[in-house]
Number of protein chains: 2
Amino acid sequence: MTDRPAGSTSPKALNIAREVRRRIVEREWRQGERIPDEADLAIEFDAARATVNKALQLLADEGLLDRRRRAGTRVTVNPTRKATVSISIVREQVEQAGMAYSYRVVAQRRSPVPADIAARLALPEGKLLVHMRAVHYGDGRPFQFEDRWINTCSAPGLEGVDFWQLNANEWLVQNAPYLHAELAFTAANADRREARLLQTRQGQALLIMQRTTWNDLGPITTVRVACQPGHLISTDGGYARSSWPRGETRTPDTP
Amino acid sequence: MTDRPAGSTSPKALNIAREVRRRIVEREWRQGERIPDEADLAIEFDAARATVNKALQLLADEGLLDRRRRAGTRVTVNPTRKATVSISIVREQVEQAGMAYSYRVVAQRRSPVPADIAARLALPEGKLLVHMRAVHYGDGRPFQFEDRWINTCSAPGLEGVDFWQLNANEWLVQNAPYLHAELAFTAANADRREARLLQTRQGQALLIMQRTTWNDLGPITTVRVACQPGHLISTDGGYARSSWPRGETRTPDTP
DNA sequence: GGCGCCTCTATGTCTATACTTATCTTGCGT
DNA sequence: ACGCAAGATAAGTATAGACATAGAGGCGCC
């Protein structure tokens, strides 16, 4: 439905990229081998060098090619492939799953940052930040529990906002675009509070997502999100801008 | 050390991207607002339209801009920002952490695929695949436990390989480049086997990474990796190729 | 032989130009 | 009023040409 990258009618650069990728995957060009230079490929594919360049850059970004000036382009030996995780606001995630979204603030107050959070934010320990805890629900069932610290200094306009009413997540996304973000995943056993708020048992393994954002004024917010048990975070396709079937296209047979 | 993107001597397209990003972050151009078209920006920045295009494409990929033909470019309302996880071979991860890598195969045999794995691979249930379990160690301590299914049909040349000796992970990376990959994270409580192999207690929360790769012949391999307790998977910076000052802009005071 | 300088090459980047394509706008005809 | 077609516009893509620059390889000097 989205599109059918029909192998020949899509943009030329993508066709070239696809063909080069094919040659690598089918081992016509093997790991570590040098491939023809841009000028030659331009002739072969009857394209301008800039177009070939674009295609090869794409594959280099994917991690399939190694390119160096003067040395030429070669197939990566131990490809470090990249996958991208898309972080959208929770409400959208929930609604996209066809559930009704709701949200409850569990606690909110200004308090001094503990050492670990301070370190993460590179702020002096004990500085007063807004600390809040909230639960996001889908169809009334707990979806995520977030424990967030907000640095009002980096989020002008935040003073007058009442997070008991407004969703901090969305307010920040819409009003405090960031320059830099860090994101990490880990797992942890649910403690008493998490178990209660996520309506599960203590000790249950939870996927933890930790996220910190900065702008030019400094750290904006750091949040630790505990996902409902069994929650899955999946990444986009194997190569950038690919438009692989959204998942359900279970190719039924494989000869 | 790495580089000093001195704000003006780096590639023109990146400078433009940086400036546009700044205008968005500092809310000169607000969410939903339409920004000047490429031609105008080209004039303003004294660049060719192609250069501006490149810059804006970059920001669109980051999720900061929404671009549509004829409609122009506007600042995304609810930016869905993307982060990328880099997946390299385990040995490199371990060695990069300054530890000595080792590896032990726990089990390997051909066996019929159970239903869940079959579904994931879109293969008929019961098909004979290579099933193996292995543990990766860093400095002798368990680092990851992997449970892998390999479809020999999609990995020609694999027949003659002895995985009791060779590292499957590396063999596959080097010999079976893929066209498409799926990657997902979740958390699970360690079962008896996992607890034993990872030298932890049963019930310990583990970060689970599930990965499946495909080439044009079909599914190649699917693997479920259980990481050592506390393991953190972190993503690259908030925007592509960013190089945030690794520490000096620590605004020490915030009035 | 080893070190450093020079050269030449393949990629990196930009430009000006042109054409394509999606889609918003306008205006015409009924 | 309404629907539809024509036009205009902004992004998408490609191209030829140019210059910049990293860096591999060769040369010569000591």
Side-chain angles (χ1 to χ4, degrees), chain A residues 1-20 29 32-76 240-243, chain B residues 1-20 24 29 32-76 240-241 243:
Chain A
M1 300 321 124
T2 34
D3 58 349
R4 192 109 286 271
S8 63
T9 46
S10 27
K12 209 161 177 175
L14 287 188
N15 286 338
I16 297 175
R18 193 177 308 123
E19 170 60 14
V20 171
W29 291 339
E33 234 173 56
R34 176 143 174 224
I35 77 172
D37 67 36
E38 293 187 348
D40 291 347
L41 290 176
I43 295 169
E44 183 192 335
F45 291 116
D46 186 35
R49 188 169 78 87
T51 309
V52 173
N53 182 284
K54 201 174 172 185
L56 297 188
Q57 291 254 9
L58 185 71
L59 296 179
D61 284 348
E62 280 176 26
L64 269 185
L65 293 179
D66 255 347
R67 326 192 66 207
R68 270 173 25 237
R69 278 179 169 161
R70 158 74 201 187
T73 300
R74 38 189 73 238
V75 181
T76 309
R241 285 191 197 152
S242 95
S243 59
Chain B
M1 260 338 216
T2 35
D3 56 351
R4 189 112 288 269
S8 62
T9 46
S10 27
K12 210 161 177 177
L14 288 187
N15 286 338
I16 297 175
R18 190 177 311 123
E19 170 60 14
V20 171
I24 294 171
W29 290 340
E33 232 173 59
R34 175 141 174 228
I35 77 171
D37 65 39
E38 294 186 347
D40 290 347
L41 290 176
I43 295 168
E44 183 191 335
F45 291 116
D46 186 35
R49 189 168 76 87
T51 309
V52 173
N53 182 284
K54 200 173 172 186
L56 297 188
Q57 290 256 9
L58 185 72
L59 296 178
D61 285 348
E62 279 177 27
L64 268 184
L65 294 178
D66 254 347
R67 326 191 68 209
R68 271 174 31 236
R69 282 183 169 158
R70 160 71 197 181
T73 300
R74 39 190 74 237
V75 182
T76 308
R241 288 185 192 160
S243 61

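Below, read A as the first sequence line, B as the second, and so on, with proteins coming before strands; counting in each chain starts at 1. Just so it is clear, the model here is predicted, and its values are computed rather than measured. What's counted below: heavy atoms across the whole structure, side chains too, no hydrogens, waters or symmetry copies.
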(message) From NZ of B/Lys12 over to C1' of D/dA18, roughly how many Å is that when rounded to an integer?
(response) 14 Å
(message) Could you tell me how far apart A/Leu41 (CG) and C/dT9 (C1') are, to the nearest whole angstrom?
(response) 16 Å
(request) Output the distance between atom CZ (B/Arg67) and atom CD (B/Glu38), rounded to the nearest 0.5 Å. (result) 4.5 Å
(message) What's the closest nucleotide to the side chain of A/Ala13 if the choices are D/dA10, C/dT15, D/dA14?
(response) D/dA14
(request) Starting at atom CG of A/Leu56, determine the distance to atom C1' of C/dG12, rounded to an integer number of angstrom. (result) 12 Å
(request) Remember a base hit wins even if backbone is also touched, and classify A/Ala39 as base, sugar-phosphate or nothing at under 4.0 Å, heavy atoms. (result) nothing
(request) Measure from the side-chain heavy atoms of B/Arg70 and tell me the nearest of C/dA22, D/dG23, C/dG12. (result) C/dA22
(request) Using a 4.0 Å heavy-atom cut-off across all strands, classify A/Asp46 as base, sugar-phosphate, or nothing. (result) sugar-phosphate
(request) Starting at NZ of A/Lys12, measure out to CG of A/Asp46 and round the result to the nearest 0.5 Å. (result) 5.0 Å
(request) Ignoring hydrogens and angles, answer whether the base of D/dT13 and the side-chain atoms of B/Arg49 contain a donor-acceptor pair closer than 3.5 Å. (result) yes
(request) Measure the distance from NZ on A/Lys54 to C1' on C/dT13 and round it to the nearest whole Å. (result) 14 Å
(request) Mind checking B/Arg34 for me? I need base, sugar-phosphate or nothing, with any heavy atom below 4.0 Å counting as a touch. (result) sugar-phosphate
(request) Would you tell me if any nitrogen or oxygen in the side chain of B/Thr73 comes within less than 4.0 Å of OP1 or OP2 on D/dA11? (result) yes
(request) For B/Arg67 and for A/Arg69, locate the closest nucleotide of DNA chain D by heavy-atom distance; then report the residue assigned to the nucleotide nearer the 5' terminus. (result) B/Arg67
(message) Whole angstroms only, please: what is the CG-P distance between B/Asp37 and D/dG12?
(response) 12 Å
(message) Checking side-chain polar atoms at under 3.5 Å, does A/Ser10 have a donor or acceptor matched by the opposite partner on A/Asn15?
(response) yes
(request) Tell me whether the OP1 or OP2 atom of C/dT15 has a side-chain N or O from B/Thr51 closer than 4.0 Å. (result) yes
(message) In this structure, how many angstroms lie between the P atom of D/dT15 and the CG atom of B/Asn53, rounded?
(response) 15 Å
(request) Find the distance between CG (A/Leu59) and OG1 (A/Thr73) and round it off to the nearest 0.5 Å. (result) 10.0 Å
(request) Round to the nearest Å and state the distance from A/Glu38 atom CD to D/dA16 atom P. (result) 14 Å
(message) Can you measure A/Asp40 atom CG to C/dT9 atom C1' for me and round it to whole angstrom units?
(response) 12 Å
